[in-house]
Structures are given as C-alpha cells and as structure tokens.
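Just follow the structure's listing: the first ligand is 1, and inside any ligand the first atom is 1.
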Amino acid sequence: MIPFNLNSAFRGTGWAVLHFSILMGVFSCTADPPTPKDLSKEHLIPKPVEVLATGSSFRLTEATGVYVQSPPAQADEVRQVGEYLAGKLRPATGFGLPVQNVDNAPPEGSIYLLLSEGDAELGEEGYELVITEELVKLSANAPAGLFRGLQTIRQLLPAAIEKSEVQPAPWEIATGTIRDYPSYAYRGAMLDVARHFFSVEDVKRFIEQIALYKLNVLHLHLTDDQGWRIEIKSWPKLTTHGGSTQVGGGQGGYFTQEDYAEIVRHAQDHYITIVPEIDMPGHTNAALASYPELNCDGKARELYTGIEVGFSTLCTDKEVTYQFVDDVVRELAALTPGPYFHIGGDESHVTEKDDYIFFINRVQDIVQTHGKQMVGWDEITLAELEEGSVAQFWANAEHAKAAVEQGVKVIMSPATKTYLDMQYDSTTTLGLHWAAYIEVDSAYIWDPATFVEGVSKDDILGIESPLWSETITNMDEIEYMVFPRLVGHAEIGWTPASERNWEEYKVRLGRHKARFEAMGIDYYPSALVPWAEAEVTSAGESSEQ
Ligand code: TNX
C-alpha cells in the first residue's frame with residue numbers, strides 16, 4: 001500500500017503545517033516511518049554490550065548488495081551466512097540483494113560481512129557492526145559471530161522487514177558502532193516433544209524464532225513416560241509402540257532418524273546446538289511398555305497418557321538395561337554433532353538411591369564412550385560426576401552446590417523463573433503452576449550468578465528455559481507460553497547483569513510487538529508491558545508499518 005501523503009495536500013501555509021503535525025500525531029499510520037538517527041535508542045534485544053551513535057542513517061535500496069569476505073577455508077560458510085541475511089531481507093524489501101565475494105571494500109550502499117580473526121574480546125559469537133551512511137559493515141572472528149550480528153541488523157530495520165510480502169520503503173538504519181558478545185556461552189531453550197509430539201516443521205519454526213534472540217542451544221526432551229519420540233533402529237518398538245500415544249491419548253508420533261538429522265541441520269544453519277535428552281532411569285514408562293525385559297519383573301507396562309511423574313524406572317541391576325542404554329546413546333550420539341548428551345535423571349522416585357547412583361555412574365561412562373559430555377537434571381549430582389559433565393539446576397539448591405563442589409559446570413533453569421510451562425497468572429488457561437506463576441517481569445528480574453548461594457558466574461555454563469508440554473498441544477500454544485518470557489531469558493544469557501533493568505527493558509520489549517505480529521507469533525500480551533501500538537523508531541516519533 002502506498003501511504004497517502006498528507007504533507008503534499010497541505011503544503012504551503014503555516015496553518016497547514018501546524019495542523020499537519022497534529023494530524024500526523026493522531027493518524028500516524030499514514031506516514032513513512034521517520035528516519036532512525038540515534039543508534040543508542042534502538043530497541044534491541046538482547047541489549048548490546050556497547051553502542052556508539054553517530055547521528056545519521058544508512059538506506060537499503062534496490063542497488064544494495066551483500067558482500068562477503070573471509071579466508072578461503074571459510075568462504076562457503078560465510079557466503080551462506082550472507083545468503084541467510086539476504087534471504088531474511090528480500091521478501092519485505094522486494095530487493096534482489098545479490099550475495100557476492102569481494103577482496104577489498106565493497107561499493108557504497110552495501111552490506112559487508114567480513115571474517116577476520118584477532119579481536120579477542122569478541123570471542124566465537126561476538127561481532128562488531130559499524131554503520132555509516134555509505135556502508136553496513138559486520139565483522140566477527142567466526143561465522144557464528146556474523147550470524148549473531150545479522151540478527152542485530154534485522155532488529156535495526158523497521159519491524160515490517162519480518163513480513164513475508166513486499167512492504168513500502170524506506171529501509172533505514174541509524175549509524176554508529178555496536179560491539180557485542182555474550183555473557184554466557186550456553187543460552188538455550190528446551191522443548192518437550194514427549195508429553196505432546198510436535199512436527200519437524202514446528203521444531204524448525206521454533207529454531208528460527210529463538211535464533212532471532214541469539215540463543216544457541218535447543219534441548220529436545222525426546223522421551224518420557226507418555227512417549228518415545230526418536231527412532232532407535234536396534235530397538236524399533238520404542239517408537240512403533242512407545243511413540244504411539246501422548247498425554248490425553250492422542251496419536252503421538254516420533255522423529256525418524258532422518259527427521260532428527262533434518263532438525264540438526266536446520267539448527268546448524270542457525271548456529272544452534274541440539275542437545276538430545278533421553279530421560280532415565282525414571283520417566284521411562286514408554287520404553288518399559290515397549291520392552292518387557294527392561295522391567296525388573298519382566299512384564300511390560302501399559303502405555304500411559306496421564307501427567308503424573310515419578311512412577312517408572314528402568315531395572316538398574318539387569319545387564320540388558322545397560323545394553324539398551326548403550327544402543328540408544330550410540331545411535332543418537334552418532335546423529336548429534338554437538339558435544340552434549342542429556343540423560344535426564346530427574347524425579348526417579350521409585351529407584352533406590354544406591355541403585356540410582358550406580359546407574360548414573362554407569363551411564364556417564366557410556367555417554368563418554370560415545371564421545372559426549374553427560375548433562376543431567378540436578379539430581380545427578382548425587383552420583384560421582386566427572387570432568388566435563390554438566391548439572392542442570394531446576395529446583396534443588398543443594399544439588400547445584402554439590403555440582404560446584406564436584407567441579408562441574410551448572411546450567412541454570414530455576415523452575416520459578418525459567419519454566420515456560422508455568423502460568424503467567426491465575427487467569428492463564430494453559431500450563432501448570434506448581435513452581436510459581438511467572439509474569440513477564442518475574443521471568444526477567446533475576447540473575448543466574450546470584451540465584452543460588454555458592455554458585456557464581458564462573459560455575460555457570462549458561463541458562464536454559466524448558467517448555468514442558470503436558471498442557472501444550474500445538475505451535476500457537478508453544479508461542480503463547482514462550483513469548484515474551486524467553487525473550488527476557490535471552491537477554492539474561494547475553495547482556496551483562498549491570499546493563500539489565502526491568503523498567504528500561506519493558507519499553508524495549510513493548511516495541512517488539514510489531515515484530516511478533518509481522519512474524520505471526522502468538523504471544524501473551526502482558527499488562528505489565530507498555531506494548532507499542534505502532535513502531536517507534538529512534539527518531540522518537542510514532543509510525544505504523
Ligand atoms: C518437572 S523439571 C519435571 C517434568 C515436568 C515438569 C512440569 C523436571 C526435571 N521434571 O517432568 O514436565 O515438572 O512443570
């Protein structure tokens with residue numbers, strides 16, 4: 001739609017100019033967006049480490065190209081990152097945005113992606129973005145840094161950039177310099193595909209959504225009492241029987257190994273590491289229903305479609321159990337390029353404590369034999385953890401402290417702050433509230449480095465937000481519980497604690513409404529957030545895309 005231009009209709013008299021401004025205030029939707037000029041006032045999430053504004057703007061036009069430069073060994077990968085950026089910008093701009101390699105500085109008006117090692121402060125994922133009237137120059141030590149940086153470029157453009165059809169220009173970015181890198185190396189979300197099954201397409205969409213906020217891990221909770229969701233070729237009934245239902249008795253489903261490989265590839269394209277979880281020795285009813293020999297009494301269990309926890313256990317003193325675990329870990333580890341393998345280990349209420357410890361110790365060896373570092377929920381600190389293993393704190397502070405005493409790193413997932421299945425308040429219809437009601441402010445106002453006494457920043461690998469799916473059945477429901485709380489968690493993982501402040505953050509978050517809507521994301525419109533009805537740019541005026 002071409003915006004009706006009130007300016008030309010009234011041009012010429014002081015009276016008209018005065019009334020024009022009033023009209024523009026009221027009917028702001030008829031105007032072009034004002035030119036963004038103050039980079040320091042842009043509503044970026046996560047908030048960058050350093051921003052220096054220079055008070056002008058860059059304009060993206062039909063003539064803009066994406067130029068990439070890197071050492072030859074990384075040329076293909078950097079070009080792919082350039083293609084990713086161009087692919088994000090083409091639909092709404094309608095511009096061709098060809099991606100080309102260059103050896104020297106590209107022509108004026110370009111976007112320039114440059115890989116050049118040696119900026120130690122930026123690390124693997126950091127980036128520097130220098131925007132002048134002539135050029136948008138993004139540089140990083142590694143392709144992952146370029147990928148994180150291009151998310152910043154997306155957010156600096158008007159929200160309409162996220163729409164899938166051509167929108168009216170102009171496409172402008174405020175000038176200045178951003179230097180940015182994460183506080184924590186591990187910034188994750190977890191999706192429970194066991195209680196309810198979600199399709200490959202849903203998981204891929206989720207990956208795209210979390211990438212925009214610079215997360216770098218997707219933990220997939222692949223098995224639980226209600227369903228086994230990953231094909232294991234040596235134990236086929238796990239999925240054909242154990243994957244055949246879900247909470248409430250629906251048809252369930254599972255990922256073939258090819259499906260899983262497709263998810264892994266999509267995650268890699270977004271510089272996201274997949275952490276697969278096989279929850280054991282508890283949370284295993286689906287396996288116990290599929291293979292009678294995994295039960296101590298040798299009798300298969302019935303499939304389960306309720307939402308109780310803590311009633312199932314593998315038989316920890318049968319040798320076949322360890323053959324089973326070895327096969328599962330071997331097949332899944334071979335499909336998983338990331339360094340971690342999550343073995344669950346939570347809520348094994350019907351496993352004797354000694355048996356539990358024996359089991360975790362043995363499984364840790366199996367995981368290491370297959371080349372991975374073991375991750376488990378905080379209960380695993382009861383066992384003897386080895387270097388490289390990781391404990392995921394969710395509820396028990398003593399367990400988190402025990403991890404530190406054992407010298408292993410902690411992932412912070414406090415249920416009272418990060419559990420995305422917790423209801424926002426007592427009126428929320430989806431979700432549970434056993435840990436807390438978690439409003440958007442509460443999800444944001446906490447610091448991983450001070451949350452558990454005795455667990456400090458150096459002990460923490462990062463943060464992760466789990467979405468358990470007992471009550472979540474489709475993508476819209478996933479989005480409603482995840483957005484906007486996960487956006488705040490993304491900032492906690494990336495932005496230094498000294499730079500975080502709810503009063504300031506909530507204003508920035510409010511400006512992301514237009515982005516959520518442009519992307520078709522279903523979000524919870526919390527009354528605590530000043531949602532901006534129209535996008536407000538750094539020019540300080542209001543306009544609608
Ligand atoms: C606790 S957290 C669980 C899950 C449930 C969740 C529901 C954890 C390690 N175990 O099995 O799905 O609560 O909120």
Do Lys457 and Tyr184 form a cation-pi contact, if we require the NZ or CZ to be under 6.0 Å from the six-membered ring centre and within 45 degrees of the ring's axis?
yes

Short N-O contact, Glu319 and Arg362, less than 4.0 angstrom
yes

Which atoms of ligand 1 have any heavy atom of Tyr419 under 4.0 Å away?
2 (S), 8 (C), 9 (C)

If you measure from each heavy atom of Arg195 to ligand 1, is any distance below 4.0 Å?
yes

Can you report which non-hydrogen protein atom sits closest to atom 5 (C) of ligand 1, along with the distance?
Glu470 OE2, 3.3 Å

Do any nitrogen or oxygen atoms of Asp192 lie less than 3.5 angstrom from nitrogen or oxygen atoms of ligand 1?
no

Going by ring pair (Phe, Tyr, Trp, His ring centres under 6.0 Å), name the residues that satisfy it together with Phe451, two or more places apart in sequence or in a different chain.
Trp446

Sorted by chain and residue number, the side chain to side chain contact (heavy atoms under 4.5 Å, CB included) partners of Lys47 (sequence neighbours excluded) come out as Glu491, Thr495, Glu499, Glu504, Arg508

Tell me, which protein residue and heavy-atom name are nearest atom 10 (N) of ligand 1, and how many Å apart are they?
Asp346 OD2, 2.9 Å

Below 4.0 angstrom from a heavy atom of His283, which ligand 1 atoms are there? Numbered from 1 as shown, please.
11 (O)

List ligand 1 atoms under 4.0 Å from Trp434, heavy atoms only on the residue side.
1 (C), 7 (C), 13 (O), 14 (O)

Going by distance alone, is a donor N or O of one side chain under 3.5 Å from an acceptor N or O of the other, for Tyr291 and His241?
no

Here the atoms of ligand 1 under 4.0 Å from any heavy atom belonging to Met422 are 14 (O)

Is there a polar contact between ligand 1 and Glu347, counting only N or O atoms under 3.5 Å apart?
yes

Lys/Arg cation over aromatic Tyr523: Arg515, 6.0 Å, 45° cone:
no

Distance under 4.0 Å to a non-hydrogen atom of Asp421: what atoms of ligand 1 satisfy this?
7 (C), 14 (O)

Could you verify whether a donor N or O on one side chain and an acceptor N or O on the other, from Gln246 and His196, lie under 3.5 Å apart?
no

